[in-house]
Structure formats: structure tokens, C-alpha cells
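In each ligand, atom 1 is the first atom listed, and ligand 1 is the first ligand listed. In what follows, residues are counted from 1 in the order of the sequence shown.
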Amino acid sequence: MPFPNSPFEDAFNSRMITSLHEEISDTTILNEDYEKTLKWLCCAPKITSYRVNTLKTNAEEVLKAIRAHISKVLGEHYIKAEAHPLLFNTIIIGNNEMESKSLEKYFKEIIVDVECGAAILRGAHVYAPGVMAMFSGTQINEKVSIYADVNKRCKKGLQKLYEDDKIFLGNGITRMVRHQLFGDQIVPRVFSSPSTKLRKKVGQLKARCAEFGARAHCFEADSSKILRPQGHSQTRIADGPPFSAETFNRVLLDAPCSALGKRPQLANRVSEKVVKSYVPLQRRLFETAVGLLKVNGTLVYSTCTITLAENEGMVAWALRTFKCLKLVKPSLRLGGPGWGGTSLTEQERNCVQRFGPDQDVDSVGFFFACFVKQRS
Ligand SMILES: C[S@@+](CC[C@H](N)C(=O)[O-])C[C@H]1O[C@@H](n2cnc3c(N)ncnc32)[C@H](O)[C@@H]1O
């Protein structure tokens, strides 16, 4: 089947994307723009950007190494790698534009889940846990065609032709056989608890910071509760949260969000309740962030979603709620203006940056806004 025009089911309430939290909005996003956005979400970005660690090397050196690797492995001019025209530490690698439509299809098929399918479309190899079905008798080093199970109905371990809707992703060569993928018996798996995982992540982050001579203080806390109530004595940052008001010069609130900007999304069955659950959390985190920020300090709010409520809606709410905040326009502009339909003026909509189908850079869908805290 062809790529879908929307990652959502027919019953999906499109107003979840274009309406505001609680308030009624009359968003000016046109139906055709909305449809274009949904189609854009289904396909993979045409580029992948990498930020070069300039403490270790520079973009030119990395670019040379990448180009040499590409030409050795895939042949000259197969994939383009370029320096970003405006960001000195960024490299852009183009997607292989070879049309999967023109590929020969093999008799033996591999069915993968939609998450694995999305990763493959971004250039990943097929990873074993994502495989749902493989013909019985498939040997190592066999040529196979790979499809995504777009309706999420394939039974794990299926060994014959999967007849439900499936999207052709490309061809590959098998490196494992069925019993390695699915096992002969059910093997219990031990999952680490979220806090074990988090501690491991924190340990890795600290080690990376130490490698570059940076001092990092990492704390495990609910960030909506890390502002010390007024009247309590000042503490040192190293002592951990809660922190006193006006402690930080800069705050990056890369907020938990509905992540609807992820690309590609072949099928997304997110519920209305889940999408709506983010704004209250984002508001609580925002309130803490403003409290922790010093006067003249900078706050950046960002999401990787496309909903009006979590993006322009949050900015409009923040400007109404915190009179000390001034929305500023970053000098570098790569994204487009914010959507209409909130109390933001046109000038304010031109201060935020929204990344959608109309930008020169074909990124994932995301949004950011930059504020400076003034003396109230
Ligand atoms: C968009 S991600 C941020 C990713 C991060 N900037 C990075 O580069 O790894 C949002 C993160 O917020 C975390 N989160 C969600 N609720 C939180 C809370 N109440 N306090 C602190 N972190 C929270 C999520 O676990 C998630 O890791």
C-alpha cells in the first residue's frame, strides 16, 4: 500500500491539533495546510543534521571523514553531506533519494512494527525486537523485502505471508534466523526500573561532562517542584533542589510534550486524553522555570510537537500570566512564524519559530520561543 496521508485514524479529532487548551480558538490554519502537515508527518525528513562537538574537532574535519566513509561504503555521490550554510558547527546529511517504488520486490518478506519502520526510514538497520514476522525457512544472507505493519495487527512470530495492509520500506539481507528473533520458548526478560535507567543515564552524562572539563550537577527531581518557597534561606546549587528563586541565568525548558512532530509517523494511535494531558504539566514546569530565572536571564521553551495548545497557546498563556516576561526574536531565523488562533499578535508570532512543511530545512516538527525576564 502507498504511504498514508495522515498518521492518525479516521476517527481522530483534528481539533486536538488546532484548538487551544480550554479556551475556544479560531485558528487560521487552513484545511489544505493542515492536510499538508499530516502528509508531511508520514514521510521521513529529507535531511539529518549533526552538531559537531567543537571541543574535540571542527565541522570541516568531520565532513571530510563522513564523505570518505560514504564514498567507501556506498560509492561517490550516493548521499550528499554538506556544511550548514548558517550554523558553523552543523553538518547536514541528505537522505538517499532512491525511490523505493522502483526497487524489485522479493518473495520473502519481513514485517516490522511501525516504530521499527520509522527508524528504518531514517536510515537505521532493522533491529530484532521490531521484527513481527519472517517466513519460515528464511536463511541468513537471504534477500528479503521489508514492510511496516501499519494497522498493528500482525502477530509476533507469524511465519507466512501477512495479508493485512503493509507499507513497503525497502529491501535487505537477513542476518538472523527465526529462532534467534522469536526463540523456541518464552524467555523471561528482566527490565530495569525507570530509576535504574535514569541513574545510568545520569552517570553517563556526568562522565561525558567530566571528559570535557565541564562541571555538571545532576539531580533526580520532579522539575515542577524544584522552586524553594519564599522565605526559606538561600542554598548552593550543588546541594540540589529545591533551588532558591532567581538562581539561574539561563533555563532551557525542553518540555515533555505530545511529540506529534516526530517524523516519519506511519501510524499514531494517540488518544485525545493523552494529547490534552501535557498543557497542565507544561504550565507547572513553566511557572517553576520563571521563578528560578534571574532578572535579565533567558528562558527558552521548546517542544517537538505541532499542536497549537502546546506551542503558541503556551506562549500566549505565559505572556498573559508572567508580566515580567518579554518575548524576544532570536537573530538567527530558521523556522517559520507561529500559527494564528491565539492572542499572540502578528509581531509576536514572528518571534517564535515553528518548523513544519514550509521551511527550507526539512526537519522534524518542532517549536521554540525565547523569553527574557524583566524586573517586575
Ligand atoms: C523533550 S524531553 C527532553 C529531552 C532532553 N532535552 C534531552 O536532550 O535529553 C522531556 C523530558 O522531560 C522529562 N519529564 C517529564 N516530566 C517531568 C517532570 N515533572 N520533571 C522533570 N522532568 C520531566 C521526560 O522524562 C523527558 O525526558
- [ ] If you have a sec, work out which protein heavy atom is nearest atom 21 (C) of ligand 1 and how many Å separate them, to one decimal?
- [x] Ser223 OG, 3.2 Å
Task: Ring centroid separation Phe286 to Tyr301 under 6.0 Å - done: yes
Open item on the list: Under a 3.5 Å threshold, yes or no: a donor from one side chain and an acceptor from the other, between Thr288 and Ser224?
Closed with: no
Open item on the list: Between ligand 1 and Ser224, is the shortest N or O to N or O distance under 3.5 Å?
Closed with: no
Task: Proximal atoms of ligand 1 relative to Ala221 (non-hydrogen, under 4.0 Å) - done: 20 (N), 21 (C)
Open item on the list: In the complex you have, is atom 25 (O) of ligand 1 within reach of the protein, judged by whether a heavy-atom distance drops under 4.0 Å?
Closed with: no
TODO: Give a yes or no on whether the ring-centroid distance for Phe168 and Phe3 is below 6.0 angstrom.
DONE: no
Task: atom 6 (N) of ligand 1 - nearest protein heavy atom and its distance - done: Asp254 OD2, 2.6 Å
Task: Cation-pi, Trp339 ring and Arg354 (6.0 angstrom, 45 degrees) - done: yes
- [ ] Look at atom 4 (C) of ligand 1 and say whether a protein heavy atom is found at less than 4.0 angstrom from it.
- [x] yes
Open item on the list: Looking at atom 13 (C) of ligand 1, tell me if a protein heavy atom falls under 4.0 Å from it.
Closed with: no
- [ ] Among Lys36, Lys39, Glu35, find the residue that satisfies the side chain to side chain donor-acceptor pair (under 3.5 Å) test when tested with Asn5.
- [x] Lys39
Open item on the list: I need the nearest protein heavy-atom contact for atom 23 (C) of ligand 1: residue, atom name and distance, please.
Closed with: Pro256 CG, 4.6 Å
Task: atom 9 (O) of ligand 1 touched by protein heavy atom at under 4.0 Å - done: no
Open item on the list: Which heavy atom of Tyr34 sits nearest to which heavy atom of Ser14, and what is that distance?
Closed with: OH-CB, 2.8 Å
- [ ] Could you tell me which atoms of ligand 1, counted from 1 in the order shown, lie closer than 4.0 angstrom to a heavy atom of Asp222?
- [x] 18 (C), 19 (N), 20 (N)
Open item on the list: Heavy-atom count check: over 12 atoms from other residues, nucleotides or ligands less than 6.0 Å from Asp360 CG?
Closed with: no
Open item on the list: Keeping Thr138 on the side-chain end and Met134 on the backbone end, is there a donor-acceptor pair under 3.5 Å?
Closed with: no
- [ ] Under 4.0 Å from a heavy atom of Ala255: give me the atoms of ligand 1 that qualify, with their elements.
- [x] 1 (C)
